[in-house]
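In listed order, ligands and their atoms are each counted from 1. Note that the numbering runs from 1 along the sequence shown for the chain.
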Amino acid sequence: MSAQILDGKALAQRLKDALKVEVADLSKKTGAAPRLVNIMVGEEHGACAYARSQRLAADYIGIRYELTTLPRDTSQEELIGRIRRFNADEDVNGIMIHKPLPERIHYGIVANFVDTNKDLEGINVANIGKMILGDTRIIPCTPAAVMEHIRATGIGLRGKEAVIVGHSHIVGKPLSLLLLEEYATVTVCHVATSEAGRLREHVGRADILIVAVGRPALIPGGWIKKGAVVIDVGINRQGETIVGDVDFEGARKRAAFLTPVPGGVGPVTVVMLMRNGIEAYKMQMSTRGDRIV
Ligand code: NAD
């Protein structure tokens with residue numbers, strides 16, 4: 001068996017094409033395209049690369065995208081003040097805070113000042129809470145990208161054993177809710193699962209395996225159940241190359257579907273940010289009474 005490779009760039013392109021059509025339709029009805037702002041404090045090379053890919057995606061889809069760069073010595077209070085102004089501005093439909101932030105600013109605190117209906121990254125506590133209640137209109141981008149990859153396989157999740165390795169706030173935990181929403185039977189593994197020597201046993205049961213840890217080759221190919229769907233979220237720099245958390249060549253021999261790293265989950269994540277922006281825009285328009293949907 002040789003796994004079918006899930007091409008993230010091709011999937012991202014299909015999703016962008018669909019969003020472009022939706023934005024053109026919305027813009028025609030409302031007279032304006034969604035406007036998203038990304039607030040960056042200081043400048044950081046990696047962050048700028050991510051911002052560039054956001055701008056490219058936004059330009060393609062027809063979304064207005066702005067990067068606001070604040071001085072490196074901006075205080076937490078000043079940043080919150082800026083967020084409040086964007087919250088109050090009816091012509092701003094989505095807001096995100098770019099990471100990394102200077103150490104004195106706490107992302108978990110400032111991100112929660114973003115208006116729930118403008119929360120581009122879907123990490124606001126209210127939006128996480130809504131996910132538990134089954135409202136998945138605005139959701140964290142990486143879990144959303146994982147779900148799109150699974151959807152692209154055409155394999156239904158109902159009754160399947162879905163195993164997530166990694167229980168972070170931004171990937172593993174929200175992903176477990178999205179999988180539950182689709183009636184998968186969900187197991188979430190983490191560092192203590194490995195410490196207990198039980199990671200292999202859980203991985204070996206997975207019809208759908210998602211790994212988000214940040215450790216190269218944590219999952220040897222031989223552990224993977226034959227015919228599984230394997231989504232590798234990990235990003236690990238090894239010299240000049242980037243690898244995931246799954247032994248790619250080994251997994252290829254056993255899985256039915258497998259995401260590459262790079263070129264798997266990453267390219268879809270930025271499109272999910274745009275999708276959140278469009279959902280945010282629709283929610284704001286409907287609360288203002290505009291009939292757009
Ligand atoms: P994190 O550091 O917040 O969490 C790591 C998780 O891995 C924790 O649940 C921890 O318990 C678990 N873990 C650590 N060692 C383990 C072990 N030996 N066995 C089993 N579990 C173990 O990580 P994160 O922020 O969720 O990121 C995880 C990886 O995903 C990183 O490589 C990150 O770069 C990548 N990532 C990719 C994207 C993307 O869009 N492609 C987005 C976010 C994160």
Legend entry - ring pair (Phe, Tyr, Trp, His ring centres under 6.0 Å) partners of residues 159-178, not counting sequence neighbours, each pair once: H167-H190

Legend entry - R215 atom CZ: more than 12 heavy-atom contacts under 6.0 Å: no

Can you pull every nitrogen or oxygen pair between ligand 1 and the protein closer than 3.5 angstrom?
{"from": "ligand 1", "atom 1": "9 (O)", "to": "H167", "atom 2": "N", "distance (Å)": "2.6"}
{"from": "ligand 1", "atom 1": "9 (O)", "to": "H167", "atom 2": "ND1", "distance (Å)": "2.5"}
{"from": "ligand 1", "atom 1": "11 (O)", "to": "V191", "atom 2": "N", "distance (Å)": "3.0"}
{"from": "ligand 1", "atom 1": "18 (N)", "to": "R215", "atom 2": "NH1", "distance (Å)": "3.0"}
{"from": "ligand 1", "atom 1": "19 (N)", "to": "S194", "atom 2": "OG", "distance (Å)": "2.6"}
{"from": "ligand 1", "atom 1": "21 (N)", "to": "V191", "atom 2": "N", "distance (Å)": "3.3"}
{"from": "ligand 1", "atom 1": "26 (O)", "to": "S168", "atom 2": "OG", "distance (Å)": "2.5"}
{"from": "ligand 1", "atom 1": "32 (O)", "to": "I235", "atom 2": "N", "distance (Å)": "3.0"}
{"from": "ligand 1", "atom 1": "32 (O)", "to": "I235", "atom 2": "O", "distance (Å)": "3.3"}
{"from": "ligand 1", "atom 1": "40 (O)", "to": "T142", "atom 2": "OG1", "distance (Å)": "3.4"}
{"from": "ligand 1", "atom 1": "40 (O)", "to": "T269", "atom 2": "OG1", "distance (Å)": "3.1"}

Legend entry - Partner residues of D73 under the salt bridge (Lys or Arg N to Asp or Glu O under 4.0 Å) criterion, sequence neighbours left out: none

Legend entry - Test: R158 cationic atom under 6.0 Å from Y183 six-membered ring centre, within 45° of axis: yes

Legend entry - Nonpolar side-chain network containing V21, other nodes, edges under 4.5 Å: none

Legend entry - Which atom of M131 lies closest to which atom of P140, heavy atoms considered: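 Scanning both residues, the minimum pair turns out to be SD-CD, 3.6 Å.
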
